Asks: 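Below you will find the structure I want to go over with you.
Both ligands and their constituent atoms are indexed starting at 1 by order of listing. Only this structure's heavy atoms are used, side chains among them; waters, hydrogens and symmetry mates stay out. The model shown is predicted, which means the values in this text are computed figures rather than measured ones.
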Amino acid sequence: MLDLTDTEKDCIRVSWSKVISAPQTGADLFYGRLFEESPETRKLFKSDMASQGLKLMQTINAVVDNLDEDLSETVLQLGTRHQGYDVMEEDYAKVGAALIWMLDAMAGSDFDQSTQDAWGKAYGQICTVMLRGYA
Ligand code: HEM
């Protein structure tokens, strides 16, 4: 499903390993940034943010663990559920910006420009498939 070079996959794996060693910190940084920069997204989240944050980190972890697998059916269904959460197309860029910011904060010197570009590319491709899941 993801069209990435082996170098891009390596960049993603190396930087993610820094984040996943402290998933709760990653989730807290991510939502803190999202709600500061895009407060209008706060009302979309109805459930408890601690469990929501861990679900998000687990999902990204599953994608990073399966960069060579075809996850399109799972991601399409995730997209259909997000339509049900009232997530609009324009919200994806807000989440993408908070995700890149959190990765930069947590991966430190491993988060160079090629790593940022690799994440941007992967995230863009995932969003495209999620939006294809909208009816
Ligand atoms: C790559 C992109 C994304 C991934 C991997 C992702 C992942 C998830 C996961 C795993 C859940 C748990 C529920 C489920 O599986 O259906 C969820 C729920 C949710 N996501 Fe996302 N998401 C993404 C993008 C977004 C965007 C752009 C928004 C918009 C702000 C968003 C808002 C929400 C909301 C509102 C919920 C439901 C929360 C609740 O139950 O209160 N997500 N997401």
Asks: Quick one, Leu2 and Leu71 - any side-chain contact, counting heavy atoms below 4.5 Å?
Replies: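 Answer no - side chains too far apart.
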Asks: For atom 35 (C) of ligand 1, which protein heavy atom lies nearest, and how many Å away is it?
Replies: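 The closest one turns out to be Leu44 O, 3.2 Å.
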Asks: Going by the atom numbers of ligand 1, which of them fall below 4.0 Å from some non-hydrogen atom of Ile126?
Replies: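 Those atoms are 1 (C).
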Asks: Mind telling me whether Phe45 and Phe35 have parallel, tilted or perpendicular rings, with 30° and 60° as the class edges?
Replies: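 Aromatic pair Phe35/Phe45 classed perpendicular.
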Asks: Is there a side-chain contact between Gln24 and Met57 in this structure, where contact means two heavy atoms from C-beta onward sitting under 4.5 Å apart?
Replies: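 Answer no - side chains too far apart.
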Asks: May I ask whether Lys94 places a heavy atom under 4.0 Å from ligand 1?
Replies: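 No, that is not the case, since the closest heavy atom of the residue is not under 4.0 Å from the ligand.
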Asks: Compute the shortest N/O to N/O distance between Asp91 and ligand 1 and return yes if it is under 3.5 Å, no if not.
Replies: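 Between Asp91 and ligand 1, no N or O pair is found under 3.5 Å apart.
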Asks: Hydrogens and angles aside, do Gln52 and Asp48 bring a side-chain donor and acceptor to less than 3.5 Å of each other?
Replies: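 No, Asp48 and Gln52 have no side-chain donor paired with an acceptor closer than 3.5 Å.
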Asks: My understanding is that only one of Thr59, Ile126, Thr128, Asp70 makes a side-chain contact (heavy atoms from CB on, under 4.5 Å) with Val75; could you say which?
Replies: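 When side-chain contact (heavy atoms from CB on, under 4.5 Å) is applied between Val75 and each of Thr59, Ile126, Thr128, Asp70, only Ile126 qualifies.
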Asks: Restricting to pairs with a member in residues 60-85, which pass ring pair (Phe, Tyr, Trp, His ring centres under 6.0 Å), not counting sequence neighbours?
Replies: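 For residues 60-85, and leaving out neighbouring residues, the ring pair (Phe, Tyr, Trp, His ring centres under 6.0 Å) pairs sorted by first residue read His82-Tyr85.
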Asks: Starting from atom 41 (O) of ligand 1, which protein heavy atom do you reach first, and at what distance in Å?
Replies: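 Its nearest protein heavy-atom neighbour is Lys46 N, 2.6 Å.
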Asks: Run the salt bridge (Lys or Arg N to Asp or Glu O under 4.0 Å) test against Lys9 and tell me which residues pass, sequence neighbours left out.
Replies: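 For Lys9 the salt bridge (Lys or Arg N to Asp or Glu O under 4.0 Å) partners, ignoring immediate neighbours, are Asp68.
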Asks: Quick one: does Glu8's side chain get under 4.5 Å of Thr5's, heavy atoms only?
Replies: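 Glu8 vs Thr5: side chains touch.
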Asks: Please state which protein non-hydrogen atom is closest to atom 33 (C) of ligand 1 and give its distance, to 0.1 Å?
Replies: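 Checking every protein heavy atom, the shortest distance to atom 33 (C) of ligand 1 gives Phe45 CE2, 3.5 Å.
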Asks: Let's test this: below 2.8 Å, count the protein N/O/S atoms around atom 21 (Fe) of ligand 1.
Replies: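 Excluding waters, the total comes to 1.
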Asks: List the residues meeting salt bridge (Lys or Arg N to Asp or Glu O under 4.0 Å) with Asp112, not counting sequence neighbours, and say none if there are none.
Replies: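 Partners of Asp112 under the salt bridge (Lys or Arg N to Asp or Glu O under 4.0 Å) test: none.
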Asks: Is it the side chain, the backbone, both or neither of Met130 that has a heavy atom closer than 4.0 Å to ligand 1?
Replies: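 Only the side chain of Met130 comes within reach of ligand 1.
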Asks: Considering only the protein, which heavy-atom contact is closest to atom 39 (C) of ligand 1, and what is its distance?
Replies: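 Nearest protein contact, heavy atoms only, for atom 39 (C) of ligand 1 is Ser47 OG, 3.2 Å.
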Asks: Considering only heavy atoms, which of Lys55, Gln52, Arg42 lies nearest to atom 18 (C) of ligand 1?
Replies: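 The residue whose heavy atom sits nearest atom 18 (C) of ligand 1 is Gln52.
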Asks: Does the ring center of Tyr92 lie less than 6.0 Å from the ring center of Tyr123?
Replies: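 Not close enough - the centres of the two rings lie 6.0 Å or further apart.
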Asks: Any side-chain heavy atom of Thr41 within less than 4.5 Å of one from Asp91?
Replies: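 Side-chain contact under 4.5 Å: yes.
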Asks: Between Thr80 (side chain only) and Leu76 (backbone N and O only), is there a donor and an acceptor less than 3.5 Å apart?
Replies: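 Present.
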Asks: Considering only protein heavy atoms, which is closest to atom 15 (O) of ligand 1, and at what distance to one decimal place?
Replies: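 In this structure, atom 15 (O) of ligand 1 has Arg81 NH2, 2.9 Å as its nearest protein heavy atom.
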Asks: Considering only heavy atoms of Tyr92, which atoms of ligand 1 have at least one such atom less than 4.0 Å away?
Replies: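 In order of number, 27 (C).
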Asks: Which of the numbered atoms in ligand 1 are below 4.0 angstrom from a heavy atom of Tyr123?
Replies: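 In order of number, 1 (C), 2 (C).
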